[in-house]
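Structure record follows, encoded as structure tokens.
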Amino acid sequence: MKSLLPRKSIYKIKIFISIFIITIIPLTILGIFSYKTYIAEVSAKIDTSMKATQTQLKNRVENVMDSIRTYYVEIESKDEFKWLNDPEKNKGYRDYVNLKKVSNLLLGPVFLREYIESYIYVDLKQGYTFSNTGIMNLENVSNLDELKEFLKKGKSDTSAVRWENYLDVKEPDITGKNNEVAIEGYMLVLSFPFLQAEPESYLIVKLSRSHLYNIIKEGMGDIKAAVIDKNGKLVYGTDDVLTQYFLKQKLSNAGEAVDSVKMWNGETYHITASISPTSGLQYAVGYNRSIVKEGAQRILSFAVIIFIILCLLFALLLVGTIIIYRPIGSLKRQISPYLSENENGDEFKLIHKGIEAMADSKTSLERLVNKQKRLLLELFMTRMVRGELNSEQIHQNLERFQIVARNSFQIIAVQTDFLEEDSIEDITQIDAVRLEILEQIPEYILNALFLPPISYANAIIFIIGADRDEELDAEKIYRDIKQFITRQYPCYMTGGVCKIFHKLIHLRTALNESMEALKSLKVKEAGSNREPDITYYEELGNNQEQRYGYELLYEQEIHQAIDNGNAEQACGIMNQFVDCIFARKVSLSDRSFYLNRFLVAMLKVATDTGLSMVQIFKTEQINIFTYFSQICDERKIREFYKDKIILPIIESLMVFRRKPSTDILENVLELVKAFNADITLAECADKLNCHPSYIWKVLKNEKNMTFSDFVALEKLEMAKDMLKNTDLTITEIAAKLNYANTQNFIRFFCKHEHVSPGKYKASLKKT
């Protein structure tokens, strides 16, 4: 013990004792609390789930039964049914067409047919029966007495429509007894005419047992269910214990409360039941409480195991203490250079002393970080005044540096002329003085600025901003700046102010105006006695506005238009650029330089893509610049830009990119087929490792359709193929194509093919 826990490591001993105490006692409390909490919370959750399951069960069964009942109640008005009741009409097999129509009517619509197993129509007046197995005279029915007794049973019931439960009757062996009417299963019995006291005919519709049971079993999980009819006879049960309990109970007053019941076998169930007011069916659900206790027992057992393991590992706590202490010891060693001497004792006291010694170092580090941030901000400002950033990039950087945008801004360009010539020896020293001025600008001036000041083009640039034009006061801010600079340095200061601008994308133009105003002031000072010291660009006259003729933004816009293959947009930007160059009064040499620079910017789109000049211009590449240098006419320059540069580059890019687009289209088609047309645009793009907008663009260019239309078309082809080449049912096809239900698939198919899937499949069989 002494070797592992030396006395100088006080905190190490504290760690050991703390671990021992805080692991044993809380674990015991936590185990008991977890067991009780688990039982209560899980029971509550399962009870809630059980209620929801009961509601879903009732809704599923009632919806199907109500749909079947509603449909058969309405068939009395159908022409086919009227023909069947007409005593003057021949009901023999020779009238096959009408019999087929009646058969389809009595079998029910497509969406209900899977729940109908069979039907039999009994006409007492005309003396015959008609079913899905055929038509025969009533006198030939072998169990006629049993059938009549069954039909008379409903006379005591005031309703012409009733449900009969003969599920407990074993299906008869009808081998060799084709003339016997089987009375078994769950049946809907209707008497016609509805409003007549003595019925003339009856319709017996037998439900499919398997589909009825599937409705009840669907989505039950650990919840057990029993469905009992209004006469107390079982329709279906998923648990014998629960079923026997509810068959013995009278559920006339059943509500939706959850009860805890101890069954005859000693097991406890949570149960709830309700009765449907329309069908009279009783829906009872419940679950065995043992499933809750099993989970709780696992928690309790796990807690006991952990407790035993902790006791067995008590001896290893010492090693664990050393491991936990290691970071503390490492931290102590790291701060030891900041301590005056190597002390022993409480490690945290020593660390506290070391942290105090490190405070000065931290302050130095913060100053370094702030300096780096200021340099990044100056770089952003420099790129913005050069016109190298678009509106989106400017907005992103403003958010990054947490600068609030303003609706209006102006630039004040300031230059200083030092009065003592010997005090400043060269340009480098002048730049150093400007940087020194920027470092010392007082807080009240910085708060009045929109963006931080920078040194640019032999001047200090100040940018002021406001929410409204009238709130800008360049004169006042300039005087504050002048007062500060001239008080610190022996110099004469001049300033130029641009017009008011509203978008930072025009910052380069604003800088040009402020510098032009400053140059104009210098010219005036050369022949005067230095009376004015600030000039506004607006005072120079409208003719001065045309002196600067090139905007970098045109290069960015033409690059994007050509890269997107938009010839119309590219020609429009080119015309704006040429208008700008010829409208402004720039010298011929400057104009030639600007036009050639714009030409190079367009050529750069192709070279950035990977195309060479030979691929675009063939043998004409040598003459491009030579020919262009000889053009002076504005119309011919526009034609040259359009016919010799823009259109050939766009055409070459389209040819260059066409093959990759075809490959993308083939890959998209393979993915859609692999996923049975159940894939989104984002998932497809992720699988192909490309941007969703690119796939959308390829489909639009190659197929003139969206991704959703493409998937829907492929899904339709898959459905038609399965209808043609497989024996799958409509429901099975809908499931394979990942439709939520069969009706959605039928609506989708009808929308595109103008015919239902069933009729489409029938038409294929005829051909």
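One-based numbering along the sequence shown.
At least one donor-acceptor pair closer than 3.5 Å links the side chain of Asp123 to the backbone N or O of Lys125. Side chain of Ser49 to backbone of Lys45: no donor-acceptor contact under 3.5 angstrom is found. In this structure a side-chain-to-backbone donor-acceptor pair under 3.5 Å is present from Glu683 to Thr680. The closest donor-acceptor contact from the side chain of Ser103 to the backbone of Leu99 lies at 3.5 Å or more, if one exists at all. With hydrogens and angles disregarded, no donor-acceptor distance shorter than 3.5 Å links the side chain of Asp709 to the backbone of Met705. A donor-acceptor contact shorter than 3.5 Å is absent between the side chain of Arg162 and the backbone of Met187. For Asn741 (side chain) and Asn744 (main-chain N/O), a donor-acceptor pair under 3.5 Å exists by modelled atom type.
When only modelled atom types and interatomic distance are considered, His270 and Asp259 share no side-chain donor-acceptor pair under 3.5 Å. Side-chain polar atoms of Ser210 and Ser208 form a donor-acceptor pair below 3.5 angstrom. Looking at Lys51 and Thr272, their side chains never bring a donor and an acceptor atom within 3.5 Å of each other.
Other residues, nucleotides and ligands place more than 12 heavy atoms under 6.0 Å from the CZ atom of Arg60. Atom NE2 of His211 has more than 12 neighbouring heavy atoms from other residues, nucleotides or ligands inside a 6.0 Å radius. A 6.0 Å sphere centred on CG of Asp727 holds no more than 12 heavy atoms belonging to other residues, nucleotides or ligands.
Aromatic rings from Tyr760 and Phe749 are positioned such that their centres are separated by under 6.0 Å. Residues Phe745 and Tyr739 bring their aromatic ring centres within 6.0 Å.
Side-chain contact between Asp229 and Gln282 is absent, with no heavy atoms from C-beta onward closer than 4.5 Å. Side-chain contact between Ile271 and Tyr245: present, with at least one pair of heavy atoms (C-beta onward) separated by less than 4.5 Å. Side-chain contact between Arg113 and Leu107 is present, with at least one heavy-atom pair separated by less than 4.5 Å. Looking at Asn63 and Ile68, their side chains never come closer than 4.5 Å, going by heavy atoms from C-beta outward. In this structure the side chain of Leu207 reaches within 4.5 angstrom of the side chain of Trp163, judged on heavy atoms. For the pair Val235/Leu212, a side-chain contact is recorded, criterion being any heavy-atom separation below 4.5 Å from C-beta on.
By the salt bridge (Lys or Arg N to Asp or Glu O under 4.0 Å) test, Lys82 pairs with no residue at all, sequence neighbours left out. Listed by chain and residue number, Lys720 satisfy the salt bridge (Lys or Arg N to Asp or Glu O under 4.0 Å) test with Glu753 (two or more places apart in sequence, or in another chain). Asn143 pairs by the side chain to side chain contact (heavy atoms under 4.5 Å, CB included) definition with Val141, Glu146, Glu180, Val181, not counting sequence neighbours.
Taken to the nearest 0.5 Å, the NZ atom of Lys58 stands 6.5 Å off from the OG atom of Ser276.
Counting all heavy atoms, side chain and backbone alike, Tyr72 lies closest to Phe192 at O-CZ, 4.4 Å.
When each of Val668, Val672, Asn667 is tested with Glu670 by the rule side-chain contact (heavy atoms from CB on, under 4.5 Å), just one qualifies, namely Asn667.
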Evaluation steps, side chain to side chain contact (heavy atoms under 4.5 Å, CB included), between Leu167 and Leu234:
CA-CA 8 Å; Leu167 289 168; Leu234 179 67; over 6 Å; no

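Under a cutoff of 6.0 Å and an axis angle of 45°, Lys687 and Phe675 do not form a cation-pi pair. Cation-pi geometry between Lys700 and Phe707 is not met at under 6.0 angstrom from the ring centre and within 45 degrees of the axis.
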